[in-house]
Amino acid sequence: MGGVEDEEPASKRLKISSRELGGLSNGISSLEPVAGSSRDLMARPLPSEGDEEVVGSKGVIKRVEFVRIIAKALYSLGYKKSGARLEEESGIPLHSSVVNLFMQQILDGNWDESVSTLHKIGLPDNNMVKSASFMILEQKFFELLDGKDDKGALKTLREEIVPLDINAKRVRGLSACMVIPSIVGSPGKHIARAKPRSKLLEELQELLPPTVMIPERRLEHLVEQALVLQRDACIFHNSLNEEMSLYTDHQCGRDQIPSRTLQILQVHTDEVWFLQFSHNGRYLASSSNDRSAIIWEVDVNGEVRLKHRLYGHVKPVSSVSWSPDDQQLLTCGVEDAVRRWDVSSGECLHVYEKPGLGFVSCGWSPDGKWIFSGVNDKSICMWELDGKELECWKGQRTLKISDLEITSDGKQVISICRDTAILLLDREAKVERLIEEDQTITSFSLSRDNRYLLVNLLNQEIHLWNIQGDIKLIAKYKGHKRTRFVIRSCFGGIDQSFIASGSEDSQVYVWHRGSGELIEALPGHSGAVNCVSWNPTNPHMLASASDDRTIRIWGLKELNVKHKDAHSNGVHYCNGGT
């Protein structure tokens, strides 16, 4: 493989009736009249609410809160008897009597009484009282309209809702319902009508303080949050969330990282410079110094087989790019033409050329209707599939040795515009932004969510940039070797939580993206590893391309394949070793 001096650029490579109140509160479907003065209706501290009794080994969980949340979860799950028994046995009611009365009034549609009770709950914020009153009176307004009581609705609007003096825009919308209530397409049709009372109660629960009314699904939220935190703290996590259990603390082992050679693909006759899995993970494309590209197919068992070998380039093939639907493939030679291929048949569909100029990179628009190419005169061109040039951005837009990426919304074209700078060109707004490095940039890779850019540098560092909003350097990865050639890295694994890279010491390096910790250095190749690609639909499949003319498929365990023709067609099946 051609080399360069260190100072030079590298060269390549969610209705319940009142009877069902228990599902939302404490399972009591009817309430006895509350005797005494209005002061008796005021919300009082729940039993034990003011004490310091806690549960758990860390002393941070308040017993009252814990019991109330469990009771809430039991009612939400339909276990009303269990919830009621917990309240009785613990002496800790889910809600105070005044809150229970308020909830019952909402479900029964006793709007005036519910507003009166709301004021007796003892909420500290008057704006909150007004907002909750607005929600209740709006429901009253709509139910009166639905019941053809226009006079009652108008009175509610004028004498109850308007005096609250909040949400003027919404009040105007309610007024429109009164003016033209029955004409299709009237302004009132854009205002939501009466909702199930249970839904109103849920919305009130979200508005009022959790100490008054515990939000729906609070326990579920806490458990999910705990699982996510455990997952994020696990540097080896590379399995589906469904596999996480509540029975034990989550911790993946190193065995979740694809680190065993399962196959060695030996069809290329020269150095393999580039490879990339298709978006659906069913195919792998590779390109080589032997002036060919290969389409490989991944079967249902994860076995990789030769599908088509693509000939036609007169110079080494430096990169490939999959169409959004994975039905076509672009290949680009070193200062050669761009060729478009049919994946199913292997037929070359079109050759893109410019007289006297060569192409150095290629990519697709998100809709698959256009292609982009970097030209060796440092311009970037956009073409229709039939070869008609649509637009060309001239000037310092790309380098002879360059990568090209287009964001999934099609708005930004990304390329190396100078030795130490990457151009983010907003082709619609005509705005250019730059990522500027202190070292020569040799390659880059865009994350699937378009938020991050992984930049390989001449000084053997890989930098992770956040390119959403203000451009910001957020991580560096070190350990791999690069002295002469273009070495490429990629995102991969579950949620693209890992970074993988080739290396000139013949190893594949894997880091945890968030922590930056080096997880694996995988031996096996006998030449520089130029490029890696992580299967986007299989977090346990990684491919690497090397100067040793082979492609290695890395996984977790041995493929279940027959070994009778193990060496046929240039595919070698390994026993899990290197």
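Everything numeric in this text was worked out from a predicted model, so none of it was measured.
With ring centers used as reference points, Trp511 lies 6.0 Å or more from Phe498.
At most 12 heavy atoms of other shown residues, nucleotides or ligands fall within 6.0 angstrom of atom CD in Glu89. For CG of Asn126, the number of neighbouring non-hydrogen atoms (other residues, nucleotides, ligands) closer than 6.0 Å is greater than 12.
Relative orientation of the Trp322 and Tyr283 rings is parallel, given thresholds of 30° and 60° on the angle between their planes.
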- [ ] Quick one: do Ser321 and Gln276 satisfy side-chain hydrogen bond (donor to acceptor under 3.5 Å, both in side chains)? Show the steps, please.
- [x] CA-CA 8 Å; Ser321 180; Gln276 188 178 78; 4.9 Å; no
Open item on the list: Checking Thr537 against Asn535 for the side-chain hydrogen bond (donor to acceptor under 3.5 Å, both in side chains) test, could you report, in this order, the C-alpha distance in whole Å, the side-chain angles of both residues, the deciding distance, and whether it holds?
Closed with: CA-CA 6 Å; Thr537 62; Asn535 191 309; 3.0 Å; yes
TODO: For the pair Ile414 and Leu446, evaluate side chain to side chain contact (heavy atoms under 4.5 Å, CB included) and give the outcome as yes or no after the intermediate values.
DONE: CA-CA 9 Å; Ile414 306 173; Leu446 179 67; 4.1 Å; yes
TODO: Decide side-chain hydrogen bond (donor to acceptor under 3.5 Å, both in side chains) for Ser497 and Asp495; before the verdict, give the C-alpha distance in whole Å, the side-chain angles of both, and the deciding distance to 0.1 Å.
DONE: CA-CA 5 Å; Ser497 298; Asp495 299 325; 5.0 Å; no
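Atom NZ in Lys195 sits 11.5 Å away from atom CG in Leu201 (nearest 0.5 Å).
The minimum heavy-atom distance linking Leu542 with Ser533 is given by the pair CD1-O, 3.4 Å. The two residues Pro366 and Pro324 have their closest heavy-atom pair at O-CG, 3.2 Å.
Residues Glu160 and Trp111 fail the side-chain proximity criterion, which asks for heavy atoms closer than 4.5 Å.
Of the candidates Glu202, Gln139, Glu143, Arg197 forms a side chain to side chain donor-acceptor pair (under 3.5 Å) with just one, namely Glu143. When each of Gln256, His250, Gln251 is checked for a side chain to side chain donor-acceptor pair (under 3.5 Å) with His237, only His250 meets the rule.
The pair Lys430-Glu391 meets the salt-bridge criterion, since a charged nitrogen lies less than 4.0 angstrom from a carboxylate oxygen.
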